[in-house]
J.: 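Before I ask anything, let me first share the structure, which is written out below as structure tokens.
Every chain is numbered from 1 and lettered A, B, ... according to where its sequence line falls, protein lines coming before strand lines.
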Protein chains: 2
Amino acid sequence: MASIQKKEAILVAAAKLFRDRGYQATSMRDLAEAVDLKASSLYNHIGSKEEILSDICMQNADRFSAEMGIIVQTTNSPIDKIKALINLHIEMAITDYTSITSFNDEWRHLSEPSLSEFTSKRKLYEQQFLEIIEEGISQDQLKYMDPQICLNTILSSTRWVYDYKPKAEMGEAANTIVNMLLHGISK
Amino acid sequence: MASIQKKEAILVAAAKLFRDRGYQATSMRDLAEAVDLKASSLYNHIGSKEEILSDICMQNADRFSAEMGIIVQTTNSPIDKIKALINLHIEMAITDYTSITSFNDEWRHLSEPSLSEFTSKRKLYEQQFLEIIEEGISQDQLKYMDPQICLNTILSSTRWVYDYKPKAEMGEAANTIVNMLLHGISK
DNA sequence: CCTACCGATCGGTAGG
DNA sequence: CCTACCGATCGGTAGG
């Protein structure tokens with residue numbers, strides 16, 4: 001019988017396997033074993049392997065979009081918005097450290113129309129982020145630089161957090177990262 | 001007939017396919033087609049699919065190690081060594097923008113003993129990088145911060161350069177990235 | 001370098 | 001939810 005909890009368990013197990021081995025290298029038999037089922041029984045809960053990947057990617061994309069929506073609507077300065085966004089990326093990497101790798105790396109195995117749906121959500125998010133950076137530059141809060149290069153560097157810079165071992169110290173790590181990006185490492 | 005040029009052509013084509021689709025999603029038939037051969041003929045030039053991945057990863061690892069060796073031996077200050085290393089990562093991402101993704105992401109599909117050989121090379125490289133950062137902190141050239149977090153952030157921060165479109169402007173991009181990491185984005 | 005082919009494994013379905 | 005099974009495709013080999 002198809003229960004929502006079971007589907008959720010499948011998504012969680014899949015995110016972990018995709019993270020450890022990658023989407024392509026994870027078989028439906030691997031996944032079935034992880035949730036104590038036979039491969040064929042998975043299809044009572046999900047439509048296809050790709051649907052699992054799609055669900056995981058969209059969940060993450062939607063969460064990023066939602067948080068961006070909140071941040072954009074505040075009256076905070078551009079630099080405070082950027083701080084909030086960097087912290088968001090770190091937060092996501094800590095709390096959702098399995099599924100974030102699907103969002104970051106495995107989405108490219110999606111086919112149409114999921115692929116376009118995902119990339120356009122991501123594009124929108126990055127566009128909003130870019131505008132905040134441009135605002136920061138024009139308001140003289142940020143140095144003058146190519147906003148796209150700035151954005152790319154920020155987005156990449158937290159892409160190790162999900163497999164950082166000492167999770168307990170992540171609060172401190174977040175501060176260090178924000179400080180690095182805002183003020184640099186040089187004294 | 002097995003020629004060295006043909007093997008090199010196979011490695012180049014493989015790096016491109018691994019970059020575009022990932023290692024697991026690239027079949028030997030895809031690769032064969034890319035070099036105008038039948039799949040079985042590939043085996044006159046290479047031992048196995050994994051050997052191709054291993055060769056690509058090791059080539060990159062060895063180049064990073066060699067450059068690190070040169071940088072370490074200079075009498076430059078820690079901060080100048082770090083600048084040189086950031087530029088090295090950008091340089092590699094530009095000149096070798098296909099194979100760098102194998103080095104970054106696909107190496108995990110290696111099996112033993114290649115896997116250990118690769119990870120220990122990488123570990124050594126990161127250890128040397130870490131020592132330069134620690135030296136920079138103790139010489140008061142860098143702010144006091146967790147050196148491992150600093151290293152991870154630096155290493156991640158250039159991991160978008162390989163698919164940056166305007167290759168012509170990469171020189172400027174490199175300066176922007178170095179500047180961001182050393183002095184931050186805040187004014 | 002190719003044709004022909006191997007066993008293993010893949011995602012997924014039928015039928016109960 | 002399982003057993004049984006499908007066609008397709010995988011990496012790789014034999015033999016010439």
Side-chain angles (χ1 to χ4, degrees), chain A residues 1-58 102 106-115 118, chain B residues 1-58 102 106-115 118:
Chain A
M1 222 206 306
S3 72
I4 290 171
Q5 300 102 302
K6 197 70 184 181
K7 171 154 188 181
E8 194 51 40
I10 291 169
L11 291 181
V12 168
K16 196 171 296 186
L17 287 166
F18 294 168
R19 178 201 181 224
D20 291 340
R21 314 179 188 180
Y23 174 75
Q24 291 279 353
T26 300
S27 75
M28 294 305 271
R29 283 149 181 90
D30 293 334
L31 177 56
E33 198 179 1
V35 292
D36 264 313
L37 244 42
K38 296 293 176 181
S40 60
S41 303
L42 290 171
Y43 293 89
N44 289 308
H45 303 282
I46 52 102
S48 67
K49 187 186 181 189
E50 193 184 318
E51 187 197 281
I52 297 174
L53 179 62
S54 174
D55 282 356
I56 294 170
C57 290
M58 296 308 173
S102 291
E106 306 300 330
W107 60 268
R108 63 178 173 158
H109 295 114
L110 292 171
S111 59
E112 298 298 352
S114 305
L115 181 61
F118 178 79
Chain B
M1 218 206 307
S3 72
I4 290 172
Q5 301 103 299
K6 197 71 184 179
K7 171 153 188 181
E8 195 51 41
I10 291 169
L11 292 181
V12 168
K16 195 169 297 188
L17 286 166
F18 294 168
R19 177 203 182 222
D20 291 340
R21 314 178 189 183
Y23 174 75
Q24 291 279 353
T26 299
S27 75
M28 294 306 271
R29 284 153 181 87
D30 294 334
L31 177 56
E33 198 180 359
V35 292
D36 264 312
L37 244 43
K38 296 293 174 182
S40 59
S41 303
L42 291 171
Y43 294 88
N44 289 308
H45 303 283
I46 52 100
S48 67
K49 187 186 180 186
E50 192 183 319
E51 186 197 282
I52 297 172
L53 178 63
S54 174
D55 282 356
I56 293 169
C57 290
M58 297 307 174
S102 291
E106 305 300 330
W107 61 267
R108 62 180 172 155
H109 296 112
L110 292 171
S111 59
E112 299 297 352
S114 304
L115 181 61
F118 178 80

J.: Ignoring the backbone of B/K49, work out which of D/dG11, D/dC2, C/dC2 is nearest its side chain.
T.: D/dG11

J.: Rounded to whole Å, please give me the gap between CG in A/L31 and C1' in C/dT9.
T.: 16 Å

J.: Base, sugar-phosphate, or nothing for A/L42, non-hydrogen atoms under 4.0 angstrom?
T.: nothing

J.: Reckon B/S40 has a side-chain N or O less than 4.0 Å from the OP1 or OP2 of D/dT13?
T.: no

J.: Kindly point out which of C/dC1, D/dG12, D/dA4 is positioned nearest to the side chain of B/K6?
T.: C/dC1

J.: NE2 of B/H45 versus P of D/dT13: gap in Å, rounded?
T.: 15 Å

J.: Let me know the distance between CG of B/N44 and C1' of D/dG12, rounded to the nearest Å.
T.: 12 Å

J.: Over how many whole Å does the gap from B/E33 atom CD to D/dC10 atom P extend?
T.: 11 Å

J.: Are any of the side-chain heavy atoms of A/L37 and A/H45 separated by less than 4.5 Å?
T.: yes

J.: How close do B/A9 and B/V35 get, heavy atom to heavy atom, and via which atoms?
T.: O-CG1, 3.8 Å

J.: Would a distance-only check, ignoring hydrogens and angles, find a side-chain to backbone donor-acceptor pair under 3.5 Å from A/E50 to A/S111?
T.: yes

J.: Classify the nucleic acid contact of A/S41 as base, sugar-phosphate or nothing, counting any heavy atom under 4.0 Å across all strands shown.
T.: base

J.: Does the plane of the ring in B/Y23 sit parallel, tilted or perpendicular to the ring in B/H109? Use 30° and 60° as the thresholds.
T.: parallel

J.: Please check the phosphate of C/dC2 (OP1 and OP2 only) for any side-chain N or O of B/K38 closer than 4.0 Å.
T.: no

J.: Locate the shortest heavy-atom distance separating B/R108 from A/E106; write the atom from each residue and the value.
T.: NH2-OE2, 3.2 Å

J.: Based on Watson-Crick and G-U pairs with both distances under 3.5 Å, what dot-bracket line describes DNA chain C 5' to 3', crossing pairs as [ ] and inter-strand pairs as |?
T.: ||||||||||||||||

J.: Which distance, rounded to the nearest 0.5 Å, do you find between the CD1 of A/I52 and the NZ of A/K7?
T.: 8.5 Å

J.: Just the rounded figure in Å: distance from P of D/dC10 to NE2 of B/H109.
T.: 16 Å

J.: Rounded to the nearest angstrom, tell me the gap between atom CG in A/L17 and atom P in C/dC10.
T.: 12 Å

J.: When you check the side-chain N and O atoms of A/S27 and A/D30, is any donor under 3.5 Å from an acceptor?
T.: yes

J.: Go through D/dG12, D/dC1, C/dG11 for me and flag the one nearest to the B/R29 side chain.
T.: D/dG12

J.: Separation of A/R21 atom CZ from C/dC10 atom P, in whole Å?
T.: 10 Å

J.: Find the distance B/I46:CD1 to C/dC1:P and express it as a whole number of Å.
T.: 12 Å

